[in-house]
Amino acid sequence: MRVATWNVNSLKVRLPHVLQWLAQREADATPIDLLCLQELKLPDDRYPLAELDAAGYSSLFTGQKTYNGVAILARKASVPEGRDVVKNIPGFDDEQQRIVAATYDVDGGPVRVISAYIPNGQALDSDKFVYKLRWLEALQAWLTSELAANPRLMLLGDFNIAPEDRDVHDPKKWEGQNLVSPEERAAFRAMQGAGLVDAFRMFEQEDKLFSWWDYRMFGFKRNAGLRIDHIMLSPELAKLCESCHIDRVPRTWDQPSDHTPVVAALRSA
DNA sequence: ATGGCATTGAAACAATGA
């Protein structure tokens, strides 16, 4: 089973990219079974359900006009429809649509999948940063109970956190800033403390691999990026993980998202 | 120190992203 996460920065604009990527992976015999999307930037009634269904994927999503919005796509040929759907963090009052979760009964048993768009935070002295830390605290509490109930759990998404300096193109320049601050990194480590494993770091990786590059100042051409999109696996799923890589190809296409997909492969049992 | 680029909603440019 192959799972992936991709912040598409508008599903309206990026739908052709998503369809092309999924079709390409299918043609290469490395199909994506579950794909978590973030930053749909469209309300539920404008979600491209029919187009994705025609491409072979069922969808669970929670949308929002202009901002946020998350989805989980499941490849119909290999994954049944999700059940026990949760939108947003239970008990955490939030206008912003940043979480969708569901259980998928795949080979080997049920898997709890969470697609998350963690708040950006903007700047350490902003209200948005306060919101980010509150949101992360609520996520952590919810994750603890979800992990207790679902030993096979995966959390995929745009975390807006570069966990370590090696996930930053220029750590000196970024030191202490939003996305790399000690508070955010502590929240990331708390998730690891709860048992979640960063799939990417289970394996030897080249230096300077990132999942996001700024549109400005030729960020991608200069590889001036950050690794802020992550696939986190519970211990039971980490045992099954065979590989994890960042697929830079969609970032090279015309009118790309500023993020590119992260992919992990898991044995079925 | 600032803006640089992209997207949205709205109909010019402000808000947001990271």
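Protein chains get the first letters and strands the later ones, always in sequence-line order, with residue 1 at the start of each. Quantities reported herein were computed from a predicted structural model and do not represent experimental measurements.
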Short side-chain N/O contact from Q255(A) to OP1 or OP2 of dT7(B), under 4.0 Å: yes
d(CG, D158(A); P, dG17(B)) in whole Å: 11 Å
P gap between dT2(B) and dA6(B), integer Å: 23 Å
Under 4.0 angstrom between H259(A) side-chain N/O and dA18(B) OP1 or OP2: yes
Donor-acceptor contact below 3.5 Å, side chain S115(A) vs main chain A71(A): yes
Inter-nucleotide C1' distance (dC13(B), dA1(B)), Å rounded: 23 Å
Sugar-phosphate, base or nothing in reach of N68(A), heavy atoms under 4.0 Å: nothing
Whole-Å gap separating P (dA18(B)) and CG (D214(A)): 10 Å
Distance test, side-chain N/O of S10(A) to OP1/OP2 of dT8(B), below 4.0 Å: yes
Geometric class of the F159(A)/F188(A) ring pair [parallel <30°, tilted 30-60°, perpendicular >60°]: perpendicular
Neighbour count above 12 (heavy atom, 6.0 Å) for D45(A) CG: yes
Aromatic plane relationship, H17(A) with W253(A) - under 30° parallel, 30 to 60° tilted, over 60° perpendicular: tilted
Touch class at under 4.0 angstrom, heavy-atom based, for N160(A) against every strand present: sugar-phosphate
Pairwise 5' ranking along DNA chain B for N178(A) and N9(A), keeping only the more 5' one: N9(A)
Donor/acceptor link under 3.5 angstrom from N120(A) side chain onto base of dA18(B): yes
Position toward the 5' end of DNA chain B (nearest nucleotide), K12(A) or M217(A): M217(A)
Nearest-neighbour nucleotide for the K128(A) side chain, dA18(B), dC5(B), dT16(B) considered: dT16(B)
Among dA18(B), dT7(B), dG9(B), the nucleotide that comes nearest once only the side chain of L226(A) is considered: dA18(B)
Atom C1', compared across dT16(B) and dA10(B): separation rounded to whole Å: 16 Å
Sugar-phosphate, base or nothing in reach of Q177(A), heavy atoms under 4.0 Å: nothing
Proximity to the side chain of Y67(A) - top-ranked nucleotide from dA15(B), dG17(B), dA18(B): dA15(B)
Closest to side chain of K65(A), choosing from dG17(B), dA15(B), dA10(B): dA10(B)
Steps toward salt bridge (Lys or Arg N to Asp or Glu O under 4.0 Å) verdict (E81(A), K76(A)): CA-CA 8 Å; E81(A) 302 256 347; K76(A) 291 186 288 178; over 6 Å; no
Salt bridge (Lys or Arg N to Asp or Glu O under 4.0 Å) evaluation trace for R112(A) with D84(A): CA-CA 9 Å; R112(A) 189 74 172 154; D84(A) 299 326; 5.2 Å; no
Residue-phosphate contact under 4.0 Å: R216(A) side-chain N/O, dG17(B) OP1/OP2: no
Whole-Å distance separating the CG atom of D127(A) from the P atom of dG17(B): 12 Å
Residue D258(A), side-chain heavy atoms: nucleotide from dT8(B), dA18(B), dC5(B) that is nearest: dA18(B)
Length of the CD-C1' vector between E184(A) and dG17(B), whole Å: 14 Å
Touch class at under 4.0 angstrom, heavy-atom based, for Y117(A) against every strand present: sugar-phosphate
Exam field: side chain T144(A) to backbone Q140(A), donor-acceptor pair closer than 3.5 Å: yes
Whole-Å P distance, dA12(B) and dG17(B): 25 Å
Rounded interatomic separation in angstrom, taking CZ from R98(A) and P from dT16(B): 11 Å
Rounded interatomic separation in angstrom, taking NE2 from H169(A) and P from dA18(B): 15 Å
Separation of dT7(B) P from Q64(A) CD (nearest whole Å): 18 Å
Whole-Å distance separating the CD atom of Q122(A) from the C1' atom of dA14(B): 13 Å
